Participant: 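Before anything else, here's the structure in question.
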Amino acid sequence: MRYISTRGAAPVLGFEETLLTGLARDGGLYVPESWPTFTSDEVRGLAGLSYPELAARVMLPFLGDAIDPDEFRGLVADTYATFDHAAVTPLVQLDHQLWLMELFHGPTLAFKDVALQLLGRLFDLLLARRNHRITVVGATSGDTGSAAIEACRDRSHLDIFMLHPLDRTSAIQRRQMTTVLADNVYNIAIQGTFDDCQDLVKAMFGDPDFRDRLHVSAVNSINWARIMAQIVYYVGAAVTLGAPERAVAFTVPTGNFGNIYAAYGARAMGIPIERLVVGSNSNDILTRFFRSGVMATAPVTPTLSPSMDIQISSNFERLLFDLYQRDSLALADVMRRFRASGSYSVAPNQLETAGALFAAYRADNDQTQAAIAETWRRTGQLIDPHTAVGLHAARMARSEGVVPDAVPMVTLACAHPAKFPDAVTAATGVHPALPERLADLATRPERLTVLPNDLGTVQAFILRHARLGEAQPRGNA
Ligand SMILES: *Cc1c(COP(=O)(O)O)cnc(C)c1O
């Protein structure tokens with residue numbers, strides 16, 4: 001299996017290098033040179049498998065000979081044992097033709113665990129094999145940092161330093177990070193804003209001495225292996241609801257286009273998927289694109305679904321590559337224009353191709369609250385605001401006939417309601433309880449280091465604590 005960059009000017013890599021590299025050297029994203037596909041009989045054969053076995057069957061074709069299949073099966077079993085539902089990503093029926101797929105049964109109660117729990121283990125395995133270490137450095141406004149921390153904790157070949165803005169995250173979000181007391185996890189509370197944290201991280205990546213000495217790396221949403229791990233649950237849901245005989249539709253609350261691109265991947269592998277519906281919050285760059293063919297950034301507005309408060313959908317480049325018939329020169333040119341001007345548009349025939357599969361709807365805060373309230377009233381299910389954006393979009397797509405009545409619709413439930421208790425309580429009057437594994441979160445001991453918004457101080461702290469920052473062996477001094 002070989003991976004190529006969407007921009008065509010980076011080396012073609014195997015799975016192992018693709019995983020460890022992340023972003024391609026030419027600024028592009030890696031995609032498979034060609035998609036592995038399942039025959040109808042093979043899809044039928046996936047019915048009834050356990051999640052780990054399904055995951056191994058779906059992902060093994062992407063690995064080439066990078067990892068021994070039995071070793072990979074062991075790693076996958078270990079990964080999904082951290083989830084506290086036996087089905088890992090269970091389907092819950094809400095309505096005659098509407099299901100929720102719960103992706104929040106992992107350690108941090110959000111869908112990112114599905115991929116990141118695997119990614120941390122894959123990194124560790126491949127780094128150990130090369131006797132190599134990395135230092136993961138990241139910034140978080142609170143909602144996604146914990147998934148990266150849980151993915152990296154206790155891994156022998158990496159250390160993680162996560163910056164968050166002091167006193168500007170919710171208590172739950174902070175505690176999900178700071179109560180991880182593993183030796184290789186460092187939470188740094190910066191006396192500043194989230195933007196300050198991001199600027200510090202950018203500056204550290206831009207400092208060649210620091211970067212090379214510590215092998216600084218990111219766990220970001222463009223890594224190919226994250227997409228690969230997310231394809232699994234789309235395949236699983238489709239097979240449960242009748243693939244290969246019956247097609248299904250998915251609605252995905254998304255900002256970065258990562259999760260829904262994985263659904264596109266499942267379809268490319270031969271799973272019958274009739275429609276993919278994007279749910280946007282008020283930061284609706286994707287919905288505007290699917291309506292107009294114009295991708296244009298706008299200022300970010302804070303919403304009730306903060307994990308989608310972004311205005312650049314990095315993973316969209318992977319779809320755009322296909323809309324340009326995999327012409328990497330043309331794609332690189334579009335991305336250059338986008339960088340320079342903040343917008344680009346596609347041709348009518350490209351928009352038509354995209355529109356044949358994708359639809360998109362936006363939910364503002366009021367519509368998000370209404371979807372939480374209505375779902376509670378009609379089904380007795382508490383849903384988080386991201387899921388609510390998805391359900392709003394799913395109902396719109398159904399009522400406009402974009403998804404025919406005969407097609408089962410699955411909406412992705414991307415976070416546990418207890419992760420966003422204020423929005424859920426405001427909409428329903430019910431306070432969502434944390435699941436048992438986190439019930440004592442509020443009383444667990446925390447560990448964090450408060451540092452000023454100063455690059456030199458933060459770098460000195462990381463150099464002092466990262467295993468790669470330790471003084472060189474003294475023998476030859
Ligand atoms: C990250 C996240 C999303 C958005 O995922 P994309 O990568 O933008 O597709 C949605 N909901 C929750 C809860 C998240 O954590």
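Computed from a predicted model, the values in this text were never measured in an experiment.
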Participant: Can any side-chain N or O of Asp159 pair as donor or acceptor with the backbone N or O of Thr135 at less than 3.5 Å?
Facilitator: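 No.
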
Participant: What's the verdict on salt bridge (Lys or Arg N to Asp or Glu O under 4.0 Å) for Asp207 and Arg211, showing C-alpha distance, side-chain angles and the deciding distance?
Facilitator: CA-CA 6 Å; Asp207 176 343; Arg211 199 181 57 209; over 6 Å; no

Participant: Evaluate the side-chain proximity of Gln381 to Trp376: yes if any heavy-atom separation is below 4.5 Å, no if none is.
Facilitator: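 Not in contact.
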
Participant: Under 3.5 Å, is there a donor-acceptor pair linking the side chains of Tyr30 and Asn223?
Facilitator: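 Absent: no donor and acceptor within the cut-off.
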
Participant: Is the shortest heavy-atom distance from the side chain of Tyr51 to the side chain of Val232 under 4.5 Å?
Facilitator: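 Answer yes - side chains close enough.
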
Participant: Main chain of Thr411, side chain of Thr251: is a donor-acceptor contact present, judged purely on distance under 3.5 Å?
Facilitator: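 Such a contact is absent between Thr251 side chain and Thr411 backbone.
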
Participant: Before accepting this row, confirm whether a basic side-chain N of the pair Arg362/Asp284 lies closer than 4.0 Å to the acidic partner's carboxylate O.
Facilitator: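 Salt bridge between Arg362 and Asp284, a charged N being under 4.0 Å from a carboxylate O: yes.
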
Participant: State whether the side chain of Asp199 and the backbone N or O of Asp196 hold a donor-acceptor pair below 3.5 Å, judged by distance alone.
Facilitator: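 Judged by distance alone, no pair lies under 3.5 Å.
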
Participant: Taking the basic N atoms (NZ, or NE/NH1/NH2) and the acidic carboxylate oxygens, is any pair closer than 4.0 Å for Glu374 and Arg377?
Facilitator: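 No, no charged N to carboxylate O under 4.0 Å.
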
Participant: Checking Asn256 against Ser313 for the side chain to side chain donor-acceptor pair (under 3.5 Å) test, could you report, in this order, the C-alpha distance in whole Å, the side-chain angles of both residues, the deciding distance, and whether it holds?
Facilitator: CA-CA 4 Å; Asn256 207 10; Ser313 304; 5.5 Å; no

Participant: If you count every heavy atom of other residues, nucleotides or ligands that lies below 6.0 Å from Arg25 atom CZ, does the total exceed 12?
Facilitator: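 No, because the 6.0 Å sphere around CZ of Arg25 holds 12 heavy atoms or fewer from other groups.
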
Participant: Can a salt bridge be assigned to the pair Arg121 and Asp124 using a cut-off of 4.0 Å between side-chain N and carboxylate O?
Facilitator: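 Answer for the salt bridge query: no.
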
Participant: List the steps, then state whether side-chain contact (heavy atoms from CB on, under 4.5 Å) holds for Met204 with Leu455.
Facilitator: CA-CA 8 Å; Met204 287 190 264; Leu455 181 62; 3.8 Å; yes

Participant: Do the side chain of Asp454 and the main chain of Thr457 share a donor and acceptor less than 3.5 angstrom apart?
Facilitator: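 Yes; judged by distance alone, with no hydrogens or angles, the pair exists.
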
Participant: Are the aromatic rings of Phe257 and Phe316 close, with centres under 6.0 Å apart?
Facilitator: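 Ring centroids of Phe257 and Phe316 are less than 6.0 Å from each other.
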
Participant: Determine whether Arg246 and Val407 make a side-chain contact, defined as any pair of heavy atoms from C-beta on separated by less than 4.5 Å.
Facilitator: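 Contact flag for Arg246/Val407 side chains = no.
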
Participant: Step by step, would you call Tyr361 with Glu400 a side chain to side chain donor-acceptor pair (under 3.5 Å)?
Facilitator: CA-CA 11 Å; Tyr361 297 90; Glu400 291 187 358; 2.9 Å; yes

Participant: Keeping the roles fixed (side chain from Arg175, backbone from Ala442), state whether a donor-acceptor pair exists under 3.5 Å.
Facilitator: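 It does hold such a pair.
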
Participant: Would you check if Pro165 and Gln191 make a side-chain contact, meaning some heavy-atom pair closer than 4.5 Å?
Facilitator: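 Side-chain contact under 4.5 Å: no.
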
Participant: Taking the six-membered ring for Trp, are Tyr261 and Trp35 parallel (under 30°), tilted (30 to 60°) or perpendicular (over 60°)?
Facilitator: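 Geometry flag for Trp35 against Tyr261: tilted rings.
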
Participant: Could you tell me if the ring centre of His105 sits under 6.0 Å from that of Phe83?
Facilitator: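 No; Phe83 has its ring centre 6.0 Å or more from that of His105.
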
Participant: Has Arg398 got a side-chain atom pairing as donor or acceptor with Pro404's backbone, closer than 3.5 angstrom?
Facilitator: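 Indeed, once roles are kept as given, a pair shorter than 3.5 Å links the two residues.
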
Participant: Given Leu319 and Phe358, is the side-chain contact (heavy atoms from CB on, under 4.5 Å) satisfied, shown in steps?
Facilitator: CA-CA 11 Å; Leu319 177 69; Phe358 290 94; 3.7 Å; yes

Participant: Can you find a pair of side-chain heavy atoms, one from Trp99 and one from Gln97, that are under 4.5 Å apart?
Facilitator: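 Result yes, sub-4.5 Å side-chain heavy-atom pair found.
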
Participant: With distance as the sole criterion, is a donor-acceptor pair present between the side chains of Asn281 and Asp364 under 3.5 Å?
Facilitator: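 No donor-acceptor contact under 3.5 Å links the two side chains.
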
Participant: Do you know which of Thr375, Val410, Leu391 makes side-chain contact (heavy atoms from CB on, under 4.5 Å) with Leu100?
Facilitator: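 Exactly one pass, corresponding to Leu391.
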
Participant: Check whether any side-chain heavy atom of Pro299 lies under 4.5 Å from a side-chain heavy atom of Gln311, and answer yes or no.
Facilitator: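 Counting from C-beta outward, Pro299 and Gln311 never come under 4.5 Å.
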
Participant: With rounding to the nearest 0.5 angstrom, report the CG to OG1 distance, Leu441 to Thr178.
Facilitator: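 The CG atom of Leu441 sits 8.0 Å away from the OG1 atom of Thr178.
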
Participant: Search all heavy atoms of Ala148 against all heavy atoms of Met162 and return the closest pair with its distance.
Facilitator: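 So the minimum-distance heavy-atom pair works out to CB-CE, 3.8 Å.
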
Participant: Taking Arg153's backbone N and O only, do any of them form a donor-acceptor pair with Asn184's side chain (distance below 3.5 Å, no angle check)?
Facilitator: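 Between the backbone of Arg153 and the side chain of Asn184 there is no qualifying donor-acceptor contact (under 3.5 Å).
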
Participant: What is the distance from atom SG of Cys152 to atom CZ of Phe123, rounded to the nearest 0.5 Å?
Facilitator: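 Interatomic distance, Cys152 SG to Phe123 CZ, rounded to 0.5 Å: 8.5 Å.
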
Participant: Please determine, by modelled atom types, if Arg226 and Gln230 share a side-chain donor-acceptor pair under 3.5 angstrom.
Facilitator: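 Judged by distance alone, the side chains do not pair up.
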
Participant: Indicate the atoms forming the closest heavy-atom contact of Ser292 with Leu351, along with that distance.
Facilitator: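 So the two residues come closest at C-CD2, 3.8 Å.
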
Participant: Can you check side chain to side chain donor-acceptor pair (under 3.5 Å) on Asn259 and Tyr234, steps first, answer last?
Facilitator: CA-CA 10 Å; Asn259 201 357; Tyr234 290 102; 3.0 Å; yes

Participant: Tell me the closest heavy-atom pair linking Pro244 and Pro272, and the distance in Å.
Facilitator: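 Nearest pair, atom of Pro244 first, then Pro272: O-CG, 3.7 Å.
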
Participant: Has the side chain of Arg267 got a donor or acceptor atom that lies under 3.5 Å from a matching backbone atom of Ala263?
Facilitator: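 Between the backbone of Ala263 and the side chain of Arg267 there is no qualifying donor-acceptor contact (under 3.5 Å).
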
Participant: Could you please spell out the steps behind the side-chain contact (heavy atoms from CB on, under 4.5 Å) verdict for Val185 and Phe161?
Facilitator: CA-CA 6 Å; Val185 170; Phe161 294 82; over 6 Å; no

Participant: Using a strict cut-off of less than 4.0 Å between a Lys/Arg side-chain nitrogen and an Asp/Glu carboxylate oxygen, indicate whether Asp384 and Lys419 qualify as a salt bridge.
Facilitator: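 Judged by the 4.0 Å cut-off on N to carboxylate O distance, Asp384 and Lys419 do not form a salt bridge.
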
Participant: So does Asn349 get a backbone contact from the side chain of Thr353, meaning a donor-acceptor N/O pair under 3.5 Å?
Facilitator: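 Pair found, side chain donor or acceptor close to backbone of Asn349.
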
Participant: Of all heavy-atom pairs between Thr425 and Pro432, which one has the smallest distance, and what is that distance?
Facilitator: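 In this case the closest contact between Thr425 and Pro432 is OG1-CD, 3.7 Å.
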
Participant: Are Asn365 and Thr303 linked by a side-chain donor-acceptor pair shorter than 3.5 Å?
Facilitator: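 Their side chains do not contain a donor-acceptor pair, so the 3.5 Å distance test is not met.
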
Participant: Looking at every heavy atom in both Leu23 and Gly28, which two are closest together, and how far apart are they?
Facilitator: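 In this case the closest contact between Leu23 and Gly28 is CD1-O, 3.5 Å.
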
Participant: Quick one: are Thr387 and Leu412 in side-chain contact, heavy atoms under 4.5 Å?
Facilitator: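 Counting from C-beta outward, Thr387 and Leu412 never come under 4.5 Å.
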
Participant: Quick check: His386 with Phe420 (ring centres under 6.0 Å apart)?
Facilitator: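 Between His386 and Phe420, which both carry aromatic rings, the centre distance is below 6.0 Å.
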
Participant: For the CD atom of Gln459 and the CG atom of Leu200, what is their distance to the nearest 0.5 Å?
Facilitator: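 Rounded to the nearest 0.5 Å, the CD-CG separation comes to 9.0 Å.
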
Participant: Out of curiosity, Gln350 CD to Leu320 CG, how far, rounded to the nearest 0.5 Å?
Facilitator: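 Reported value, rounded in 0.5 Å steps: 7.0 Å.
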
Participant: Of the non-hydrogen atoms in Leu118 and Ala229, which two are nearest, and what is the gap between them?
Facilitator: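 Closest heavy-atom pair between Leu118 and Ala229: CD2-CB, 3.9 Å.
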
Participant: Nearest 0.5 Å, what's the CZ-OG distance between Arg174 and Ser146?
Facilitator: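 Answer for the CZ-OG pair, Arg174 versus Ser146, is 13.0 Å.
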
Participant: Between Val252 and Val278, is a side-chain contact (heavy atoms from CB on, under 4.5 Å) present by the stated rule, with each step listed?
Facilitator: CA-CA 5 Å; Val252 187; Val278 168; over 6 Å; no

Participant: Taking the side chain as C-beta and beyond, is there a heavy-atom pair between Glu446 and Asn187 under 4.5 Å?
Facilitator: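 Side chain of Glu446 against side chain of Asn187, heavy atoms only: no contact under 4.5 Å found.
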
Participant: Tell me if a side-chain donor or acceptor on Arg326 pairs with a main-chain N or O of Thr6 at a distance below 3.5 Å.
Facilitator: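 The answer is no, because no donor-acceptor pair under 3.5 Å joins these two groups.
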
Participant: Say you draw a straight line from OG1 of Thr169 to CE of Met177; how long is it, rounded to the nearest 0.5 Å?
Facilitator: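 Interatomic distance, Thr169 OG1 to Met177 CE, rounded to 0.5 Å: 5.0 Å.
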
